[in-house]
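The figures here come from the full heavy-atom set of this structure, side chains too, leaving out hydrogens, waters and symmetry mates. Numbered from 1 within each chain, the chains take letters A, B, ... in sequence-line order.
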Amino acid sequence: MARYNAKESEKHWQGEWDQRALFKTPDHGTKPKYYVLEMFPYPSGRIHMGHARNYTMGDVIARFRRAQGYNVLHPMGWDAFGLPAENAARDKGVSPRDWTYENIAHMREGLKMLGLSIDWSREFATCDSEYYHQQQKLFLQFYKAGFVYRGEADVNWDPVDQTVLANEQVIDGRGWRSGAAVERRKLSQWFFKITAFAEELLNALDTLDKWPEKVRIMQKNWIGRSEGLKFQFTLSDGEKLDVFTTRPDTLFGASFVALSPDHPLTQELAKTDLKLQDFIAECRKTGTAEAEIEKAEKLGYDTGLTAAHPFDPNWQLPVMVANFVLMGYGTGAIFGCPAHDQRDLDFAYKYGLSVVPVVVPSDADVKTFAVGTEAYVGPGKLANSKFLDGMTVEEAKAEVASRLEKTGVGERTVNYRLRDWLVSRQRPWGCPIPMVHCVKCGVVALKESDLPVLLPDKIDFSKSGNPLDRDLAWKNITCPTCGGPAHRDTDTLDTFADSSWYFARFCDPHAQDPVNKAAADYWLPVDQYIGGIEHAILHLLYARFFTRAMHKLGLISISEPFAGMFTQGMVCHETYRDADGWITPDEVVKEGGKAYRKDNHAPVEIGSSEKMSKSKKNVIAPEAIISDYGADTIRWFMLSDTPPERDIEWTDAGAEGCWRFVQRIWRLVSEAEGLPAPGTKAAPTDDVSKALRQSAHKAIAAVTEDLAGLRFNRAVAQLYMLSNAITDAPKADAAVRREALEALVLLSAPMMPHLAEECWRALGHQAFVAETSWPTHDPALIVSDFVMIPIQVNGKLRASIQITRGTPGETVQERALALEPVIRALNGVPPKKIVYVSNRILNIVV
RNA sequence: GCGGGCGUGGUGGAACUGGUAGACGCGCCAGACUCAAAAUCUGGUACCGCAAGGUGUGUCGGUUCGAUUCCGACCGCCCGCACCA
């Protein structure tokens, strides 16, 4: 029989599926719905192994659920706005639009080669004017609902490129492209009010029981809720100063008040204080890199002001400016309690401030307890604190809070680490913000009927700065309110906005409104979402926020977009280098565990396995593997061995092994002789047949369970076992062999769909596997009549015996005690105790 | 520093709610087929030992008839956050 020709076969079946539109999904029906979605790709140009892994996993789930009788939505689109297109446009003189759509065409072809069961009729790109038109509508609705506001923001400003830089684009304080020293500027920008949803975004995490615990914890930390007290100090100049604390209990241990260098009061004082100006400049020198912050010395500046202690007007605390107080958290001002906060302690020692312990551990003596170089942050009893003395930390917190609340000086508050989402980007390749700035009326929203605000056909990258800002024909318009001169907002939305609602758009990608509610109500939430862990915080949090905002606007009925979430690991490969630097895998030959250059056989150093990346040159193109071995091989590799959440290492040997298995299944099916017609059922006539049938049904049960639990590597192992069982039983009844082979084909179909179709046809079926139901197992068949019982003496394995299931313990015990190795191990000592776990194990204790 | 995760053969990894550790794959070894090679098939493969047997899931201890699994301490690696008051 001829070898399986993957290339021909895959092309053939992809054509057949396409022609019959097998994966086109109706928006209704009697079947239960299942929405499986992989994070849509950025159209960088080519698909890479990470895509292959991600989309293979999603496709397995889609095909599996479809076979199980679900109406499956499995769409694909393109996260198509973003910086790489601008860079390509600038460097190669092409239009970002053309560049992007060409890349999409390439990548679509690449994805189709993988044989994904996608409903391509729903495809869209976020740079389609149809999509960003709807996004602009959403923006206006958010604006009207108060979810969008304009505020001042500190930004990284590149004075040469005349643009705002993301934090990642600032390298050693300089712009990544221009190399110019980046300035901090205050700009008026658009914000999404995500903090208004902080509480519900946090609380709802507990309901996401099909999300990885890790992702939920990361989001929880990111939102960063802390309960505390906000209260006022009265300063020596009569002004009031708000501070936030989570430790009001330590108020009697206060020895100073500290302001952030960015605090308005600091700024105010600096106007007349040159030294303070110098100090602020000094603070700003400290970089934002982790290592620097770690090492940064605590710096302080005494403003000369003092603050009255809230419980004792005569007790004046010095007001300092301190470099470790952040403007972005709380109120940007704190009271310092050195004994119970490490930062405050370091600061106090440096500036000679008092250190008074006010919380004493219960096993320490109140009179002698002192704080050394480490602040005491544990539990204990209050001391040196007048009316708080003797209370626990919790009691004291409550007491201070209620006293300050009573006098109107303070209030219990909840603080979040989460900041509002700044969405303005000074970039031309994004969704234009549909707002207008009028000389007379100020900021004005466009009317919905004025939409879409289309990007100009030609974007001029020849000069620095934002091209939209220079395109006067585009920029200048009349005010929608007064008809006077006005100009468009020349900023575009952060591309994270584009990916925050695309899953809802797939439900009806050409709806006249952002979301077709009926379709969305049918399909949402996404039942299984799959993507990289790198999106654990931002993308998932933004999408959750959008969903809640859309829900509040009545656009959709759900408030959480993704019922199930799965984060897959990266694809890695060995790295190679010689004296000249990194070398690509196809320039290398490996012999006996060592690597050499192909061209001159010079030795090459084999480095660690790293995530495939252009910089390390350890990239293998999926297309190359598909053309050598076929899509089913690469798919099988992606699912084998390594659990899906972990990083997988691509190896040539592994790929060859997968390819051999493809051939092996084909051989098993195509060389099977004397099989009865499809549909023939017959009871097994001998033990070999019975055992094979049992193997098949065990595999059905196990693979079904493993796929449902996304344990692809275990499902793969089950299929190897089933194929081994078939190989080992060539003499089994023909009807049983057919049953086992059919199980093998159907169970492997989600993972190797082309091969499965070819085998299914070879087994005499006319229907497509893609429209054939998932097999079910007979529970009675997977229970064996016999079990092996390990016999232990003192917990050590000495023998094992086969028993009939359900044999009484006494019988098992009797037989065990008669065994030669058991007698030897007991050495004549009578057993003290015998533990028998029915049908499981027997342990004899001496 | 805080939060989370993980340590199992040469290797990727299995082991359900504590019950024969190493399933399955890769690699390797031997054999068959072949003039030869590839492909394929058969057998073997944790470690020590000829064997009987002993040892073994990062280290040390605990609970248990029995621990990769539960508890405590430590060591190592990885990820996230980070002067968050």
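- In this structure rA14(B) sits in no base pair that meets the Watson-Crick or G-U test at under 3.5 Å.
- Within the 4.5 Å cutoff, the side chain of Asp242(A) has heavy atoms near those of the Lys230(A) side chain.
- Between Lys590(A) and Glu574(A) there is a salt bridge, since a side-chain N of the basic residue sits under 4.0 Å from a carboxylate O of the acidic one.
- Backbone-only contact: Arg798(A) has heavy atoms under 4.0 Å from sugar-phosphate atoms and none from a base.
- Residue contacts shown for Val845(A) are limited to sugar-phosphate atoms, with no base heavy atom under 4.0 Å away.
- Comparing the P positions of rG66(B) and rG19(B) gives a spacing of 15 Å, expressed to the nearest Å.
- In this structure, Lys220(A) atom NZ and rG80(B) atom P are separated by 20 Å, rounded to whole Å.
- Residue side chain Arg840(A) reaches the base of rC16(B) through a donor-acceptor N/O pair under 3.5 Å, judged by distance alone.
- Among the protein residues, Asn794(A) comes within range of no part of the nucleic acid, since none of its heavy atoms lies under 4.0 Å from any strand.
- Between Ser784(A) and Lys698(A) there is a side-chain heavy-atom pair separated by less than 4.5 Å.
- Of the candidates rA85(B), rG12(B), rC84(B), rA85(B) carries the atom nearest the Val325(A) side chain, counting heavy atoms from C-beta on.
- If Ala333(A) and Gly795(A) are placed on RNA chain B by their nearest nucleotide, the residue sitting closer to the 5' end is Gly795(A).
- Across the P atoms, rG53(B) and rA21(B) are found 15 Å apart, a figure rounded to whole Å.
- Looking at heavy atoms from C-beta onward, Leu382(A) lies out of side-chain contact with Phe252(A) at the 4.5 angstrom threshold.
- Rounded to whole angstrom, the span from the CZ atom of Phe244(A) across to the C1' atom of rA85(B) amounts to 8 Å.
- rG43(B) is paired with rC29(B) under the criterion used here, namely a Watson-Crick or G-U wobble arrangement in which both key atom distances are under 3.5 Å.
- Map Arg667(A) and Asn221(A) each onto its nearest nucleotide of RNA chain B; the residue landing nearer the 5' end is Asn221(A).
- Asp341(A) comes within contact range of no nucleotide atom at all, as no heavy-atom separation falls under 4.0 Å.
- Cation-pi contact between Lys298(A) and Phe324(A): present, with separation from the ring centre below 6.0 Å and deviation from the ring axis of at most 45°.
- Taking the syn range as angles within 90° of 0, the glycosidic angle of rG9(B) is syn.
- Taking the side chain as every heavy atom from C-beta outward, Leu404(A) and Pro248(A) never approach each other to under 4.5 Å.
- A straight line from OH of Tyr720(A) to P of rA23(B) spans 15 Å, rounded to a whole angstrom.
- Atom CE of Met721(A) and atom P of rG13(B) are 18 Å apart (whole Å).
- Within the 4.0 angstrom heavy-atom criterion, no nucleotide atom of any strand lies near Ser640(A).
- Contact annotation for Leu326(A): base contact, defined as any heavy-atom pair under 4.0 Å involving a base atom.
- Counted within 6.0 Å of NZ on Lys350(A), heavy atoms from surrounding residues, nucleotides or ligands total more than 12; the atom is thus considered enclosed.
- Phosphate proximity of rC26(B) to Arg660(A): present, with a side-chain N or O under 4.0 Å from OP1 or OP2.
- Only the P atoms considered, rC74(B) is 16 Å distant from rG4(B), to the nearest whole Å.
- The shortest distance between the side-chain N/O atoms of Asn843(A) and the OP1/OP2 oxygens of rU64(B) is not below 4.0 Å.
- Using a 4.0 Å heavy-atom cutoff across all strands shown, Val243(A) reaches no nucleic acid atom at all.
- In this structure, CG of Leu205(A) is placed 19 Å from P of rG80(B), rounded to the nearest angstrom.
- Using the Watson-Crick or G-U wobble rule with both distances under 3.5 Å, rG49(B) pairs with nothing in any strand shown.
- In this entry the distance linking CD of Glu820(A) with P of rA51(B) reads 19 Å, nearest Å.
- For rA52(B), neither phosphate oxygen OP1 nor OP2 lies less than 4.0 angstrom from any side-chain nitrogen or oxygen of Arg824(A).
- Both distances falling under 3.5 Å, in either a Watson-Crick or a G-U wobble arrangement, occur for no nucleotide opposite rA38(B).
- If you check every strand for non-hydrogen atoms under 4.0 Å, Lys832(A) touches nothing.
- Pair assignment for rC2(B) gives rG80(B), based on Watson-Crick or G-U wobble hydrogen-bonding distances that are each under 3.5 Å.
- Counting non-hydrogen atoms under 4.0 angstrom, Thr245(A) reaches the backbone sugars and phosphates but no base.
- Separating the CZ atom of Arg343(A) from the P atom of rG1(B) is a distance of 15 Å, rounded to the nearest angstrom.
- As rounded to whole Å, 9 Å separates atom P of rG5(B) from atom NZ of Lys214(A).
- Summarising the local packing, CD of Glu374(A) is surrounded by 12 or fewer heavy atoms from other residues, nucleotides or ligands at distances under 6.0 Å.
- Taking 4.0 angstrom as the limit, Lys796(A) places none of its side-chain polar atoms (N or O) nearer than this to OP1 or OP2 of rG53(B).
- The residue Asn713(A) sits close only to the backbone: its heavy atoms come under 4.0 Å of sugar-phosphate atoms, none of a base.
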